[in-house]
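One structure is given below, encoded as C-alpha cells.
Just so it is clear: chains get the letters A, B, ... in the order the sequence lines come, proteins before strands, and each one is counted from 1.
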Amino acid sequence: MNPLLLFLIPLLPLLGGVFNACCGSRLPQRLVAAVAVLSVAGSFLSSLLLWPLGAGEGTRTVLFSWLQSGGFRADAGILFDPLAAVMTLMVTGVATLIHLYAAGYMEHDENQARFFALLNLFVFAMLCIVLADNLLFLFLGWEGVGFCSYGLIGFWYRKTENASAGRKAFIVTRIGDLFFAIALLWLFREFGTILIEQINARAVELDPLLLTVLTLLLLGGACGKSAQLPLMTWLPDAMAGPTPVSALIHAATMVTAGVYLLCRMFPLVSLSTTGMAAIALVGVLTALYAASCAVAQREIKRVLAYSTMSQIGYMFFAVGVGSVSGAMFHLLTHAFFKALLFMGAGCVIHLAGNENDIYRMGGLKRKSPQVFWLFLIGILCLAGTPLTGGFFSKDEILLTAFARGDGFSAILWGLGVLTAGLTSFYSFRLLYLVFFGEPRQAEKGHSVSPLMLWTLPLLALFGLFGGLLNLPHLFGGHQWLSHWLGQPAGVSLSLGTELGLLLLMLIFFGGGWLIAHLRYRRFPGDEQADWRSFLLNGWQFDRFYEFILVRPYRTVCRFCWQGGDKALIDGIMDGISRLCLHWGGYARKLTTGQVAFYLQGFAWGLLLIVGWFLLSAVK
Amino acid sequence: MSFAELHALLPQLILALGATAVLMLGAWWPSRSCWILSGVGLAFAAAISAGLLVPSVAEIGGMFSTAPYARFFTILWSLLVGLTLLLSLRYAETHRFAGAEYTSLVLFAGAGMSLLSAASSLVGLFLGLEAFTLVLYVLIAFNRGDTIGAEAGLKYLVMGAVATGFLAFGIALIYTSSGSFHLPEAMHGLQQGDHMRPLGLAGWAMLLVAIGFKVSLVQFHLWTPDVYQGAPAPVTGLLATGSKGAVFASLIPLFAAMGALAGELNSVLAVLATLSMVGGTLAALPQRNLKRMLAYSSVVHMGYLLLGLMSGGADGQRAVVFYIIVYGIATLGAFGVVTSFSRADGEPQDYETFHGLGYRHPRRCIALSAFLLSLAGIPPMAGFFGKFGIFHAALKSDHQVLALVGILTALVSLYYYLRPIIVLFMQERPAHELRRGWIHEFVVLAVCFSLVLLLGIYPGPLLELIGQVLPQP
Amino acid sequence: MIVPLEHVLFLSTILFILGLGCVLARRNLIMILIGVEIMLNAVGLTLVGASAFWQQVDGQIMVIFLMAMTSAEVSISLAMVVYLNRRKGTVDVRAFDEMRG
Amino acid sequence: MTASVAVHFPLLSLLLWLPLGGTLLCLLFRHSGNLCRWASLLTTVAVLCLSLWMAFQSLGGNGWLFYEDAAWIEPFGIRYMLGMDGISLLLVLLTALLQVAAILISWQQKEHPAFFYALILVMETGIIGVFLALDLVMFYLFWELMLIPMFFLIGVWGHENRVYAAVKFFFFTLAGSLCLLLAIISLYLIHGGQTGEYTFALEALRQTVLTPGTEMILYVGFMLAFIVKVPLFPFHTWLPDAHTEAPPAGSVDLAGLLLKTGVYGMIRFAFPLFPGAAERSLPLLAVLSLVGIFYAAWVAYAQTDLKRVIAYSSVAHLGFVILGLAAWNQLAWEGSLLLMINHGITTGALFVMIAMISDRAGTRELEHLGGLWSVFPNLSAFFLLFCLASLGLPGLANFSGEILVLFGTFKAQPLWGGLAVAGVVFSAAYMLRVVQSSLWGESKVLQRSDDLGPREWLILIPLALLVVLLGVYPAPVLDFLREPVSLLLATGGMP
C-alpha cells in the first residue's frame, strides 16, 4: 500500500466540508447530509484498510512543504504510528456514527449545509492533530478544531447566548493555545526542528528545569483544549450547541486532543518528575471538581459535560502516573459510552418535547424502552459497574497509581476512588430522574427518528465490551492495547492487593448506586439548598474569572483608549497646534493699522540692528 | 554715454521711453485696452531685445553692469510686467482705470526693476530702487473706487519715504568709509582694522533697514498685509513678485562683493531670517483673508531667501535665484486667480466667499491649489525644489540650526496654505457663483500653472541656465 | 579740508536723528513728510563732506541725483496728501486704520 | 548588482506612468462619470496584468529583476533610477491588486467621480514610485506625492469630521518626511565631501563612512519618517481618524498600501544606509512594537466603530512586522515581509467588506449592527473568513507570516517572542467581539436586504482565494523574498 494513501484520511472530510460550504446551500438537504456522512465513512474505511501501516515503527510521508524559510521547515506530513492509528480509528469511527445520528437529528433544521460543512472541517482538523508529524501542522489542527467548535457551538446564532458561549470557548481555548505555542517556539529554538520524533528522541539533551517548564507549558495547552482546571469554564456553556456537536466535540474528540498531545509528547514529558506530578494533580483535582459539580446540575447535557470533564481528569491522572496505555484505554472506552450517552440525551430531549431540565422530566422508561436500555448501558459503563469497559479502564488507572507506592500517588489514588464513588452517584441520579417516576414534562414529546436510534446499539456494544481491548492478567487478558502501543507490560501487584482494590472499587460503586437509589427512586420534588447552587454554577468560577479577568480587561482597554490615545497623544498634538494659533493671535495683533505704530516698528528694527552691531563690535 | 552704452541699455530704454510715449499719446486717445495691449507688446519687445542683443561694453556709466546676470533679470522682469499688464486688462475695464497712465506706470516699474538688478554701483542701486518705489506709490492707490486703496497707498508712501531716507544715508556712510560707489571697491572700507570700519558698519545698518522695508523682513513687515489687502490685485502681484525679487537680485552681487568681510553681518542676517520665518508663520496662522495670508507668507519666503543669501557660494546664489523665480510664479498666479474672481464692487478675499468654490470654477481653483502647494513646498510643485535648494545651500554652509528652523516653519506654514484648499474643496456651502474668467486671465494662469508643474518635475535646464548666469565672485 | 570730517558727520547724524524724531513724533502727514525731507538733507550734507574728504566729485554728483529724487518724491507725496484729504477729509495719520489684524 | 533581464524596453517606467495616463483619461472624460469609471478600471487592470507578466518574467531571477537609470537633474546630481527586486515586485503586485479592488468598491461614486478616480490613480503612481525608486530624492518625491491624493480623498469624500482627520494625516506624515529631507541632504553632502562625487544613488551613498554620532542622527531622521508612516506606537493616532473618515477606496489604499511604504522604506533605505545605528536601535524598535501590539489590541477592544477596530488591528499587525525586523535574522525578516503582504490583502478585504456592510446596514456602529448572517449569508461568510484570517487562524493568510515572525523572534530573543505570542490572544478578543456584534444575534433594521451582487462577488472571490492560498501554500511568495532578504541582511553585517 502506497503511504501517500494515508493523506486520504484527512483529505476526504476536508473535501466534503469544502463542498458543503461552497455549494451546500443550493443542494437538497438530504444530499448534503449524504456527502458529509460518506466522506467521513470513506475516511474511516481508509484508516481501517491502512491499519497495518501503523504497526511497529509506523510510516512517515510528506505531501508538500508548507512553510520553508531560513533554516525553518514545516511541511504537511503524516506520522502514522500505533498511537495515531488507534486514535484515527476511534475518531473516524465515532465521527461516522455521529454524522449518521446528526443526519436524523438535524432533519428539520433549514441550514444543514453550514452544519455539516463545519462538522466535516472539524473532523479534518482533528485528524490533522492526530496524524501530524510536526508540531506546527498539529498546531494548525489544534486551532482549526477551536474554530470549528466556535462555529458549531454558536450554530443557532439567533440567540446571542449561544454565540457568546461559542466566543467564550474560542477565547479560553486560545489562551491554552498560547502556552502550547510558546512551548512550540521554545522547542524550535532548542532543537532547530519541530518534527515530533526528533524532539522526543533528543529530549534527553535538555536540562531538567527547561524540561519542567516545557512540560508545564504543554500541560497548559492541553488544559485549554481538554477543559481542565483552570481553563475549564467553557465546556458547560458549550452545551448550547446541537447535541451531535456535543457528542462529537465535547465527548469523543476535541476534549481528548489534550490527552493525545501529552501521550504524543510522552517521551519528553515523562523526563520531568515535577511535570508528571503536576499533570496527575491537575487531572485528579479536575475529576473531583467536575464530579462534585455534576451532582447538582439541572440540565441533562450539563451533567454529561461535567462528567466528561471528570473522566478526562482521569486520563490526565493516568498520563501523570506514567501509563500511556491506561490513558488511551480509558480514552477509547470513554469515547464510546460518552458518545452513546450524549446521543441518548438527544433522544431524551426529543422525547421530552425539547425539555432540557431533568427536574421537569420523568417516566420516560415507559415512553420508549429502547432508549432506556441503551441509556442504561451507557450509565453502567460511566458508573464503572464491574466487567464493563468503563470499569476496566478506570481500574487500570487506579491500579497503576496505587502501584507507584509513594505517598503523593497514594493521596491521588484515594481522591480517585472517592471520585469514582461520586461518578456512580450522579450517573444513577440522572438515570432515576429521567427514566423513573411520573412524567413531569410540559408538552408531549415527538418520536425519535429511526436513524438516531439505530446508531446507538453499536456504541453500546463497544462500551460494554471495551474492556477486551486491554484486559488485565487478573482476568486472563493479554493487555493487547499496551503491546500494540509498545508500552511496558502492566504493573505486577500481588494477587491479594489487586483483589482488595477491586473489592474497594465495588464498595464505592455500590454505595454510590445505593444513595442515588434511596434519594431519587421516588422523586421528592425540587429542593433549593444554597450549596447546591454553588455547585450548580461550577464553584462560581465563572463569576470569579469575570471579576478578576474580564472586568479589569475592559477597564484597561477603555483607559488605554480614552487616557492613552485621546488624552495623552492627541492631547499633546492638539495642544501644540492650539499653542501656535494662540501665539499667532498675538503676532496678528501687532499690525494695529496705525501708521505711527508701523514707524515705531521701523525704529525698533533700527535699534535691533545697530544694537547687534555694537554688541558684536564689543565682543 | 557712448553709443555702445546706449546700445547696451536698449531694453531699459524701450521700457522707459515706451512708457513716456504711452503716457503722452494716452492723453489724446483715451482707449483703455489698446494702451494696455501696447504696453504688453513693449514689455515683450524689451524682453526679446535683452535676450538677443549682446552688449559690447561691460558696464554703463560705472553704474549698471551688462553681464548675462543683469540681462537674465531684465528678461525676467519685463516678462513679469508683460504678464501683469495682460492680467489686469479686464480688471482695468471693470474698475475704470485710466489705461494709459496705468500701463506707463507699470512699464516704469519694469524699467526700475531691471535697472536695480543690473546695478553694479551703489548709485545705480539707489536710482533703480527709487525708480520703481515711487511708481508703486501711485500704483497702489490707483483704484479711486475704494478708500482702503488710498489708505494702503498712504502707508506704503510714508514707510517708503522713511526707507529711502535710510537707504540714502546708508549709501552716504559707506561712501564716506570707502571713498567709492562702485561695488567691489565700496566694500573695502570694511576691512578689519581700517579706521573707517565702524562708519562702514553703520552704513550697512542703515542699508539693512532700507532693505528690510523693501523686502518686508520681520520688524519692517507691518505695512505688508495692509498694502497687499488694499492695493488692486494685479498691482499686489507685481509688488510681491517684482519689487522683492529685484531687491534680492541686487543683493546677490552686493553680498558677493562683501565676500569674507561679512562676519558681524552674518549673525544679524541670521537673526533677521529667523525672526522673519517664525514671526511671519505665526502671524499667518489665524488669517481669514487670502491676500493678508499671502502677505505674511511672503514675509516667511523672504526669510528663506535671506537664509539662501547668507549661505553664499555658487549653491546659495543659484538657490536664491531659482527660489525668486519659483516664488514669483506662484505668487503671481495666486494673485492672478484673485484678479480673475474680482468684480466691480471689490475682490473676493475672505474665506467665507470661497466655500465650495472648487466645484463651480474647477480650473481656477485647481490652479490656486497648485500655487498654494508650491508655496508650501510640496513635491510635485516647483516650490519643493526651491526649498530643496535653499536647505541644500544652508546645510552646505553648515547653518544647521537655521535649516532646522526653516524645516519647522515649513511644517507649520503648511496649515495656512491648506486652509484655503480645505475651504475651496472640502467645506461645501451653497455660495453664490463668482465671475467667469476672461481669456487673458486664463492665458496668464495657464502659463503660471504649467511653469509651476514643469519646474516641479524637470527643473534641470533652468538650474543649469542660472548656474551659467551667476556673477563669478 | 576746512572742517574735519568728524564734525561734518556728527552734524549730519544729529540732523538725521532730528528728522527721524520728527517723523516718529508727528501725527500730521505733512509734518512726517517734512521730517523725511530733513533726513534726506542730512544725507546730502554727509555726501558733500565725504566727497570733500576723498577729494572726489562722485559725492556731489550723487547729491544731484539725490536732490532730483527728493523733489520727485515730494511731488508725489503732496499729490497723495491732496488725494487723501479729499477722500478722508483729514490729514491726520490716525484716521487711516480701516485695515488691521 | 547587475540587471539580470535582457528586456531593454523601459518596463518600469511604463508601469510607473501608466496610472498617470489613466488620470489624464479621467480628466478628459470628466463630464461622464461612467466613462471615467471604466477608464480607471481599465488602467488599474492593465497595471495588474503588466505587473503579473513581469512577475512571471522574473520567476527565479535574482539581483535587480528590472533596472533603469537616466540623468534627471544634473546640478544636484539627482538621477532617474528605478529598480525592482523580489520585495518590490511583491509589493507592486499587492498595490495593483488592491487598486483594482478600490476602484471596484467605489463603483457607485456619486459626487465628482472624475476627480475621485483621478486621485486614486495618482496615488497608485505615487505608491509604485515609492516601491521602485532607488534615488533618494526620487523616493522622497514619490513619498510626498502619495500624500496629496490621500489628503483630498479623506478631506472631500470623508464623513463627519473629515477635515480634522485629513489635516492630521497630512501633518503627521509631513513632519516625519521633512526630517527625512534634512537627513537625505546632509548624507548627500557628507558623501560629496568624502568622495567628491555628489549623487543621491542608494548604492553610492551606502559607501559613506560615518562617525557613530552622525550616523545615529541621520538614522533617526530617516526612521522618524518611516515610524510615523508604519505607524509605530506613539505616532499612530492619525491612523484611526484617517480610516474612520476615509471613503472605502481610501481606507483600502491607506491600510493595504500606505502603511507598507513605511516598512519598505526601513528595509530598503534606513537599515542598509546606517547598519551600525540600526543594530543599536533594535531593542528600542522591539519594545515599541511590542507595546504597540498590546496597546493597539487593548484599544481596539474598547472601540465602538467597526473601521476604528480594523485600524487599530492594523497597528497591532504592523507592530508584529516591525518586531520581525527587530529580530534581525533571515527567518524573522521573511516572516515579517510575508505578514506585511498578507496583512495588506486581509485588511484591504476587510475594509471592502465594511464598505459593503455599511451600505446595507446603514451604520458602522457595533451596537446598531447585528444578525447580518440571517439576512446576508454569503456576505457574512466572506466577512467571517477575513476576520478569521486577520485573527491569525492557521491555514489562512496572516498566520503563516505571524508564525514565521514568532519563530524568528523567539530564536533571536525568547522574551520578545513570548510576549508577542500573548498579543495574539488579545487580537482574538477584539476580532471575535466584532464578529459577535455584527454577524450573530437578531438582525436590526437594514437599508438594503439584497445579498452580494455580481460586482461584489468579482472583488471578493480573488481576495478570498488569495487569503486561503497564502495561508496554505505561501512558498512562491517566500521564494521571491529569500534572495533579496539575505542580500539586505548581508549588508546589515549580521548573519
Side-chain angles (χ1 to χ4, degrees), chain A residues 69-70 160 553-619, chain B residues 148 151 154-159 161-163 165-166 197-198 201-202 204-213 217-227 229 263-272 275 278-288 292 295-296 299 408 411-412 415-416:
Chain A
S69 111
T160 42
Y553 180 62
R554 279 206 191 88
T555 37
V556 161
C557 291
R558 203 165 301 109
F559 168 72
C560 279
W561 180 32
Q562 299 300 358
D565 252 20
K566 282 266 183 313
L568 188 66
I569 301 173
D570 276 358
I572 294 172
M573 301 300 172
D574 296 349
I576 293 170
S577 58
R578 262 195 306 278
L579 202 68
C580 293
L581 276 173
H582 186 61
W583 284 344
Y586 287 137
R588 190 164 161 236
K589 286 194 185 54
L590 215 56
T591 47
T592 55
Q594 291 292 346
V595 179
F597 184 78
Y598 294 172
L599 289 171
Q600 275 146 23
F602 237 74
W604 284 113
L606 175 66
L607 278 178
L608 177 90
I609 293 176
V610 169
W612 193 273
F613 271 146
L614 291 178
L615 257 173
S616 54
V618 157
K619 270 212 296 302
Chain B
I148 58 172
E151 186 184 319
L154 161 76
K155 286 179 180 168
Y156 194 71
L157 170 73
V158 168
M159 306 292 277
V162 172
F166 278 103
R197 182 167 167 66
L201 282 179
W204 256 104
M206 299 302 162
L207 209 62
L208 272 182
V209 170
I211 291 168
F213 158 73
L217 293 174
V218 161
Q219 208 33 335
F220 319 99
H221 72 292
L222 300 177
W223 59 274
T224 325
D226 296 354
V227 169
Q229 186 181 0
E264 298 86 354
L265 213 56
N266 253 345
S267 48
V268 168
L269 289 176
V271 167
L272 276 177
L275 276 177
V278 174
T281 316
L282 289 180
L285 283 175
Q287 284 308 332
R288 273 258 162 265
R292 290 189 80 89
Y296 282 113
V299 170
L408 283 176
L411 180 64
V412 176
Y415 174 75
Y416 56 78

B:L217 versus chain A, heavy atoms under 4.5 Å apart: side chain, backbone, both or neither? neither

Hey, what do you get for [atom1] ([X]) to [atom2] ([Y]), rounding to the nearest 0.5 Å?
| X | Y | atom1 | atom2 | result |
| --- | --- | --- | --- | --- |
| B:L208 | A:L608 | CG | CG | 10.0 Å |
| B:L207 | A:I609 | CG | CD1 | 10.0 Å |
| A:W604 | B:L222 | CH2 | CG | 13.0 Å |
| A:Y598 | B:K155 | OH | NZ | 4.0 Å |

Before giving the answer on side chain to side chain contact (heavy atoms under 4.5 Å, CB included), spell out for A:T591 and B:Y296 the whole-Å C-alpha distance, their side-chain angles and the decisive distance to 0.1 Å. CA-CA 11 Å; A:T591 47; B:Y296 282 113; 3.2 Å; yes

Tell me the closest heavy-atom pair linking [X] and [Y], and the distance in Å.
| X | Y | result |
| --- | --- | --- |
| A:A587 | B:G279 | CB-O, 4.5 Å |
| B:V209 | A:F602 | CG1-CE2, 3.6 Å |
| B:D226 | A:G593 | OD2-CA, 3.9 Å |
| A:C580 | B:L282 | O-CD2, 3.9 Å |
| B:S267 | A:W612 | OG-NE1, 3.0 Å |

Taking every heavy-atom pair that is under 4.5 Å apart, which of B:G280, B:A163, B:A284 has the most such pairs with chain A? B:A163

Can you list the steps and then say if B:W223 with A:V595 is a side chain to side chain contact (heavy atoms under 4.5 Å, CB included)? CA-CA 8 Å; B:W223 59 274; A:V595 179; over 6 Å; no

What's the verdict on side chain to side chain contact (heavy atoms under 4.5 Å, CB included) for B:F166 and A:L606, showing C-alpha distance, side-chain angles and the deciding distance? CA-CA 10 Å; B:F166 278 103; A:L606 175 66; 3.8 Å; yes

